[in-house]
Structures are given as C-alpha cells and as structure tokens.
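Note: hydrogens, waters and symmetry copies are ignored here, and every other heavy atom, side chains too, is used.
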Amino acid sequence: MSGKEEVSILNVSTDHIPEDERVPLLREFYCRGVLKAEVEATEGKLFAASLISHGVPDAQLVIGGLIGARVIRTRQLVIDGDDSLGLMVNRSGVVGISARGRDLLLHPGDAILTSAEDVTTYERFSLGNCLSLRVPRRVLAPMIVDIDDAVMRVIPERAAGLRLLVDYATALVRERAFCVPALRQLGVTHLHDLMARVLGATDDVHEEAGRRGVRAARLRKVKSFIVNNCWQQDLSVATVAQEFGVTTRYLQRLFEADGKTFSSFLTEQRLKRAHRMLREPDFAGRPVSSIAYDVGFGDLSYFNRCFRRAYGATPSGVRSGEAL
C-alpha cells in the first residue's frame, strides 16, 4: 500500500511456484486485488499467470497475462454486494466470456463490459494479455444511457477511444502516476471519461445517429432523464413531454420508432433499480413493498407481476440468492 492507503498495488506471478500452489495463489489475488472469484485450472493445459493490479479510489486497473485458467464469478459470490462494472480489453490471444446467457469470444483488440452482479465465466484459450478497468456502477451509470444495455456486447478494436484508453491506462502505470496524489485524481477522472466515451461510441451508436439525427439525440436525452428520475411515482409521458417542450404524441413516436413504448421503458428502469436494491446488503432490512414504492411503483401486486415476468423469479427469491 502507498499514498496513505489510497493506492493498492498487488502482483502475482506463477513463475517458480509449484503447480499445486498456483490455483490458490491466483484465487487469492483475484479476491484481494480484483473481485471475489473462483479459479480453476483448465485440464490438459499449462497453468501460468503474471498480473499486476493497481487499486485507487473509484478505479481498479489490472494488466497482465494468463493461460490455462478459468475464472468464475459464481452464483454464491454475486450476492456479495459488489456492483462494479469492468471493461476488459483483450490485447492478444483469445478469451471466452459467458454471462447473461451469452457465450462470446474476444479476439485481439476486442473489448467487453461485464458486471460483477452477473454470474460470469472467463476462460483464456490461448496465451495472451489483457487490460481490465473496473469502476463502481455509481460512477459510470450517470454517464451512459441505460448502462445495462452495454453489458456483454463486444466492442471492436476500431471503436472510437478504445486505443486511446489502453494507451493512457498503460502510461499511468508506466509513469507511476497513481502514486502522486494530484496526478492520481486527474488520471482516474480521465479514465472514467475515456471509458464512457468507448461505451458510447460503438459503431451501432454512430449508425443510429446518422440514421435518425436530431430525433435519436433527443431520444437519448429523454431516456437519460427517465433513468435518473424513474423513482418518481408521478413520472409520466405527459410530465416528460412537458420537461422537453414537446407533445406527448411526439414523445410516444420517438419510443415507437425505437421499438419500445414509453411505459415499457419506464417500467424496465424501475425494475432494474428494484433488482439492484434487492441484491445490495444496504437494503437487506427494507421490506419488498418499501423497495417497490421507492423505485416508483404504486401498486405492489403490479410490481410483483412485472418483476416475475422480467426476471422469472419473485423479489424474495432474488433477495435470498435462490434466483438471479
């Protein structure tokens, strides 16, 4: 630790470590320096790792190589209250990632956003190097409209800002900038901005902007407003239309062109907020009914029906960890 415990630097290397001690060593590294996870050796493959973690307030950066290992954020571990979001950039080799019912491969240069709230499996199929940037959800969510839609989508190497993010992050480590208080805060702020830029500048976003221009930009602003105010029970298509100086019909058409309705998007945001609260230890003592009202629902029965339809489980089942 350095900088009055504001900087945590952890290294792990399996060089000169007996094979039977490598899995426990890497598991301890992940639990102390990244996030709680199980580690398994891939049968029939050499198991080796060399990683370094830099932990600072509101950011955690891991750089290094790994082979012959499977890292799993298990069902038992995702209830620990960690809701951080991690951007993994695969710099070489091939990495497999499974979460949210999707099995994806990252080729050299590809990146992906994952959530610590999801059961996730990482497996490296060939020797390679990754850079991972993990930040609290509360930092990134306000910077991106519906952050959950960005999770588990492959970001191509050509995405605007991705190369700059990697170069800047590695420069911070190389220059030991995290050990200088003034540079540390500036560096973390820049990492947040670059991460948001990468997640908001994929090819799909550019194509959408080109296709719908002003209407698309306005819809993104409206969605952002709803995400940040969905807990208000009196939020409606009429109040939002008034906020943006447009007619209710115009606002409804914006959502219809996007394949949704205003009501479905609002309900979805309220359910996501309730789902997060049910899994956070800070709200463990709050009744489900209170959480339902806190996120904007006025009818408990309606909340329960919507929740079960969206997540295939009851609110109590999610809270207990029996369902995700």
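For the pair Leu133/Val135, a side-chain contact is recorded, criterion being any heavy-atom separation below 4.5 Å from C-beta on. Two residues are said to be in side-chain contact when any heavy atoms from C-beta on lie closer than 4.5 Å; Glu123 and Ile97 fail this criterion. Side-chain contact between Val240 and Phe262 is present, with at least one heavy-atom pair separated by less than 4.5 Å. Inter-residue side-chain proximity for Leu113 and Ile147 is flagged as met; some heavy-atom pair is nearer than 4.5 Å. Two residues are said to be in side-chain contact when any heavy atoms from C-beta on lie closer than 4.5 Å; Val94 and Leu106 fail this criterion. In this structure, the side chains of Arg22 and Leu26 stay at 4.5 Å or more apart for every pair of heavy atoms. Residues Leu87 and Leu199 have side chains in contact (heavy-atom distance under 4.5 Å, counting atoms from C-beta outward). At a threshold of 4.5 Å between non-hydrogen side-chain atoms, the residues Met152 and Ile112 count as touching.
Hydrophobic clustering (ILVMFWY, side-chain heavy atoms < 4.5 Å, transitive): Leu219 and Tyr250 are in one cluster. No path of Ile, Leu, Val, Met, Phe, Trp and Tyr side chains, each step under 4.5 Å between heavy atoms, connects Ile72 with Leu104, placing them in separate hydrophobic clusters. A continuous path of Ile, Leu, Val, Met, Phe, Trp and Tyr side chains, each step under 4.5 Å between heavy atoms, connects Val154 with Val198, placing both in one hydrophobic cluster. Linking Ile, Leu, Val, Met, Phe, Trp and Tyr whenever their side-chain heavy atoms come within less than 4.5 Å puts Phe29 and Leu25 in one cluster. Residue Val23 is grouped with residue Tyr30 when hydrophobic side chains (ILVMFWY) are merged at heavy-atom distances under 4.5 angstrom, including chains of intermediate members.
No hydrogens or angles considered: a donor-acceptor pair under 3.5 Å links the side chains of Thr114 and Tyr122. No hydrogens or angles considered: nothing links the side chains of Asn129 and Ser92 as a donor-acceptor pair under 3.5 Å.
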What verdict does the ring-ring contact (aromatic ring centres under 6.0 Å, His included) test give for Phe225 and Phe244, after you've listed the backbone C-alpha separation in whole Å, the side-chain angles of each residue and the deciding distance to 0.1 Å?
CA-CA 10 Å; Phe225 179 82; Phe244 285 87; 5.7 Å; yes

Could you please spell out the steps behind the side-chain contact (heavy atoms from CB on, under 4.5 Å) verdict for Gln252 and Thr261?
CA-CA 7 Å; Gln252 289 168 335; Thr261 66; over 6 Å; no

Would you please test Val119 and Arg75 for side-chain contact (heavy atoms from CB on, under 4.5 Å) and show each step?
CA-CA 6 Å; Val119 174; Arg75 181 181 295 270; 4.1 Å; yes

Working for side-chain contact (heavy atoms from CB on, under 4.5 Å), residues Arg153 and Arg102:
CA-CA 10 Å; Arg153 289 189 178 184; Arg102 305 186 69 188; 4.2 Å; yes

Assess the residue pair Thr314 and Arg319 against the criterion (side-chain contact (heavy atoms from CB on, under 4.5 Å)); give the C-alpha distance rounded to whole Å, side-chain angles, the decisive distance to 0.1 Å, and a yes or no.
CA-CA 9 Å; Thr314 65; Arg319 165 171 276 173; over 6 Å; no

Can you give each donor-acceptor pair under 3.5 Å made by side-chain atoms of residues 48-65, sequence neighbours left out, with the distance rounded to 0.1 Å?
{"from": "Ser53", "atom 1": "OG", "to": "Gly33", "atom 2": "O", "distance (Å)": "2.8"}
{"from": "Ser53", "atom 1": "OG", "to": "Gln60", "atom 2": "NE2", "distance (Å)": "3.0"}
{"from": "Asp58", "atom 1": "OD1", "to": "Arg138", "atom 2": "NH2", "distance (Å)": "2.6"}
{"from": "Gln60", "atom 1": "NE2", "to": "Gly33", "atom 2": "O", "distance (Å)": "2.4"}

Please tabulate, one pair per line, all N/O donor-acceptor pairs under 3.5 Å involving side-chain atoms of residues 160-173, not counting sequence neighbours.
{"from": "Tyr168", "atom 1": "OH", "to": "His190", "atom 2": "ND1", "distance (Å)": "2.8"}
{"from": "Thr170", "atom 1": "OG1", "to": "Val166", "atom 2": "O", "distance (Å)": "2.9"}
{"from": "Thr170", "atom 1": "OG1", "to": "Asp167", "atom 2": "O", "distance (Å)": "2.9"}

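Applying the side chain to side chain contact (heavy atoms under 4.5 Å, CB included) criterion to Pro18, with sequence neighbours excluded, gives Asp20, Glu21. Every side chain to side chain contact (heavy atoms under 4.5 Å, CB included) that Thr267 has, sequence neighbours left out, goes to Leu271, Phe297, Tyr302, Cys306. The side-chain hydrogen bond (donor to acceptor under 3.5 Å, both in side chains) test applied to Glu19 returns no partner, not counting sequence neighbours. Looking at residues two or more places apart in sequence or on another chain, you find a side-chain hydrogen bond (donor to acceptor under 3.5 Å, both in side chains) between Asp82 and Ser84. Residues meeting the side chain to side chain contact (heavy atoms under 4.5 Å, CB included) test with Asp148, sequence neighbours left out: Arg100, Arg137, Asp146, Lys272, Arg276. Not counting sequence neighbours, Arg273 has no partner by the side-chain hydrogen bond (donor to acceptor under 3.5 Å, both in side chains) test.
Not a single donor-acceptor pair under 3.5 Å links the side chain of Thr14 to the backbone N or O of Ile17. Using modelled atom types, no side-chain atom of Arg270 and backbone atom of Leu266 make a donor-acceptor pair closer than 3.5 Å. In this structure a side-chain-to-backbone donor-acceptor pair under 3.5 Å is missing from Asn304 to Phe307. The closest donor-acceptor contact from the side chain of Thr239 to the backbone of Ser236 lies under 3.5 Å.
Counting all heavy atoms, side chain and backbone alike, Gly296 lies closest to Gln233 at O-CG, 3.4 Å. In this structure, Arg124 and Cys130 approach most closely via the heavy-atom pair NH2-SG, 2.9 Å. Of all non-hydrogen atoms in Ala69 and Thr42, the two that sit nearest each other are N-OG1, 3.5 Å. Nearest heavy-atom pair across Met143 and Val139 is SD-O, 3.5 Å. The two residues Ala313 and Val318 come nearest to each other via the heavy atoms CB-CG2, 4.3 Å. Closest non-hydrogen pair, Thr120 versus Ala99, comes out as OG1-CB, 3.6 Å.
Counting only residues at least two apart or on different chains, no salt bridge (charged side-chain N to carboxylate O under 4.0 Å, His left out) pair has a member in residues 9-18. Legend: salt bridge (charged side-chain N to carboxylate O under 4.0 Å, His left out) pairs involving residues 229-255, not counting sequence neighbours, sorted by first then second residue: Arg249-Glu256. Screening residues 293-312 for salt bridge (charged side-chain N to carboxylate O under 4.0 Å, His left out), with sequence neighbours left out, gives Arg286-Asp294. Within the structure, salt bridge (charged side-chain N to carboxylate O under 4.0 Å, His left out) contacts touching residues 172-183 (residues at least two apart or in different chains) do not occur.
Other residues, nucleotides and ligands contribute at most 12 non-hydrogen atoms within 6.0 Å of the CD atom of Gln242.
Taking the six-membered ring where tryptophan is involved, the planes of His275 and Tyr311 are essentially parallel, since the angle between them stays under 30° and well short of 60°.
Between Asp80 and Arg279 no salt bridge is recorded (no basic side-chain N to carboxylate O distance below 4.0 Å). With respect to Glu38 and Arg73, no salt bridge is recorded, no charged nitrogen being found less than 4.0 Å from a carboxylate O.
Considering NE2 of His192 and CG of Leu140, their distance stands at 8.0 Å, rounded to 0.5 Å. Taking OG from Ser316 and CG from Leu278, the interatomic distance works out to 8.0 Å, rounded to the nearest 0.5 Å.
With Pro315 as the fixed residue, the side chain to side chain contact (heavy atoms under 4.5 Å, CB included) test singles out one of Leu300, Ile291, Val288: Val288.
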